[in-house]
Amino acid sequence: MALSRNAKTGLILASIAAAWFFGLIIKYWVMGG
Amino acid sequence: MSAVVDNHAHDHGHDGHHGGYGGLMRWVTTTNHKDIGTMYLWFSFVMFMVGGAMALVIRAELFSPGLQIVDPDFFNQMTTMHGLIMVFGAIMPAFVGFANWLIPMQIGAPDMAFARMNNWSFWILPFAGALLIISFFTPGGAPGVGWTLYAPLTVQMGVGMDLTIFAVHLLGMSSIMGSINIVTTILNLRAPGMTLMRMPLFCWTWLITGYLLIAVMPVLAGAVTMTLTDRHFGTSFFNAAGGGDPVLYQHIFWFFGHPEVYIIALPAFGVISQVIPAFSRKPLFGYASMVYASSAIAILSFIVWAHHMYTVGMPVTGQLFFMYATTLIAIPTGVKVFNWVATMWKGSLTFETPMLFACGFLFLFTLGGFTGLVLSLVPIDIQLHDTYYVVAHFHYVMAIGAVFAGFAGVYFWLPKWTGKMYDETLGQWHFWLSTIFINVTFFVQHFAGMAGMPRRIPDYPLMFETWNKISSIGAFGFGLSQLLFLYVVLKCIRSGEKAPDKPWEGADSLEWTHLPTPVPYHTFDPQPDLR
């Protein structure tokens with residue numbers, strides 16, 4: 001199913017937010033700071 | 001005095017139907033950006049009054065030295081919740097409310113890009129607010145750690161801390177969804193011909209703010225998640241007793257916290273950039289430089305966080321870097337202030353209530369900015385850190401800067417929202433009472449701070465008594481003045497005179513030039529062609 005232009009933009013922005021959140025926790029939890 | 005004209009009568013066939021539901025369910029189920037904007041604005045006002053009541057408890061206790069009204073633990077809970085509620089419950093939702101109401105109308109869009117998610121973004125907020133309030137009734141009460149939620153105190157608090165962490169998660173989710181919606185709306189739903197560089201500056205500041213929120217709210221969410229795992233799942237990110245580093249929390253928090261200042265300030269800049277040209281009857285001076293200055297402020301806000309932490313023991317090279325980076329922000333901020341003044345220069349000025357609040361913002365926000373410049377200097381900040389000088393500084397930026405811009409915006413767009421004019425005389429009374437009392441409250445705190453009075457204490461030496469008495473009198477005066485604001489708004493809604501389509505002669509954005517007053521429930525369907 002083709003995504004709408006809005007859905008594509010929203011998913012890109014949401015993935016940026018998710019990258020910040022999980023990136024922070026992974027950096028200090030998995031990689032030990 | 002009056003700037004009222006009525007030269008844009010429109011006869012729009014589509015108007016005020018509200019979809020399938022009436023009554024309360026209309027508001028619960030609505031996906032209309034105007035309804036959701038209205039709910040954001042009322043929610044933020046309620047939170048403003050709740051947070052304000054907490055401020056009055058703080059100021060009542062500080063009226064005299066010694067302990068009179070509340071015990072120190074409850075005092076700390078008050079300072080914590082006052083900060084959290086004002087920042088996340090009052091100021092941020094207020095500007096999201098403005099964004100919901102105005103961005104679709106200013107870019108010629110029929111609604112927000114994700115209308116259902118917009119409803120969800122709002123309805124998360126009351127539950128988050130409720131969690132913060134409920135935390136007072138848990139064993140140990142609400143957390144008394146300060147709005148910054150610093151470790152290791154956060155590890156030691158009772159269950160109220162967990163409720164607060166969940167509340168911050170919910171508030172963060174709401175903000176992230178809201179900002180995704182705003183950015184997508186601006187990027188994808190502009191009317192034909194509404195290029196980015198033709199957008200009203202309010203939309204530009206929100207586009208930049210949206211990106212800031214998407215970048216830093218997850219960082220706060222990560223920090224409080226790590227705090228939660230420290231409390232309950234055996235980790236030691238921040239708990240020194242387990243080998244963690246409390247200063248690490250401060251770095252992460254302020255990586256969110258300083259951009260947060262601009263998340264609040266940039267939309268305020270946007271409102272002011274709409275109001276000043278309208279009452280100067282001139283286009284905004286230096287539009288492009290305003291866009292670039294806003295972007296520069298946002299980018300610089302990512303590299304200055306540790307100026308909140310000069311006293312933690314960082315290397316001198318670190319202090320110097322953050323000092324120079326912080327002072328750099330004065331340049332784009334100065335560009336903005338210069339452009340606002342240049343817009344007014346040789347303009348055909350009138351001073352209705354929105355313009356009064358905009359001028360109040362201009363003068364007092366600049367004052368707060370200057371004390372920020374003072375605090376950016378390491379040798380001075382080490383003396384003033386955690387004193388009332390800092391409290392005075394950030395209240396000039398937040399309590400006067402953001403809130404005055406909010407008032408300017410409400411008075412400016414109230415005729416468009418309600419179709420009625422507010423009482424100009426009472427509006428001006430509200431401005432003067434607010435301006436006088438807010439300065440009585442916070443200006444003297446500079447002196448208390450320079451004399452060495454620490455923040456977040458319920459008791460103080462006798463030498464600080466005079467400043468505190470004056471400050472408390474001002475706080476109660478400012479609080480009471482806001483009841484007048486509520487009266488003015490309610491009076492406008494219930495019995496205001498009918499507003500013309502374009503009550504402000506110099507207003508030139510689409511909501512004034514292409515839409516009737518009050519705006520119909522559904523607008524810009526189909527979109528206008530602006531090419």
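Chain letters run A, B, ... following the sequence lines, proteins first, then strands; residues in each count from 1.
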How many angstroms lie between [atom1] in [X] and [atom2] in [Y], if you round to the nearest 0.5 Å?
X	Y	atom1	atom2	result
B/Asn188	A/Thr9	CG	OG1	4.0 Å
B/Ile180	A/Leu11	CD1	CG	8.5 Å
A/Tyr28	B/Thr235	OH	OG1	14.0 Å

Residue [X] versus chain A: region with a heavy atom under 4.5 Å:
X	result
B/Phe256	neither
B/Thr184	both
B/Leu220	neither
B/Leu248	side chain

Which one, B/Ser179, B/Ala215, B/Gly210, B/Ala113, leads in non-hydrogen pairs under 4.5 Å with chain A?
B/Ala215
Top contributor to chain A interface from B/Asn181, B/Ile176, B/Thr185, B/Ile252 [non-hydrogen pairs under 4.5 Å]:
B/Ile252
If we define contacts as heavy-atom pairs under 4.5 Å, which of A/Ile16, A/Ile25, A/Leu13 has the most with chain B?
A/Leu13
Evaluate whether atom CH2 of B/Trp147 has more than 12 neighbouring non-hydrogen atoms of other residues, nucleotides or ligands under 6.0 angstrom away.
yes
Restricting to non-hydrogen atoms, name the atom on B/Val219 and the atom on A/Leu24 that form the minimum distance, rounded to 0.1 Å.
O-CD2, 3.6 Å
Any side-chain heavy-atom pair from B/Leu187 and A/Arg5 closer than 4.5 angstrom?
no
The interface call for A/Ala7 against chain B, heavy-atom contacts under 4.5 Å, is backbone
Students often mix this up, so state it plainly: with edges at 30° and 60°, are the rings of B/Phe302 and A/Trp20 parallel, tilted or perpendicular?
parallel
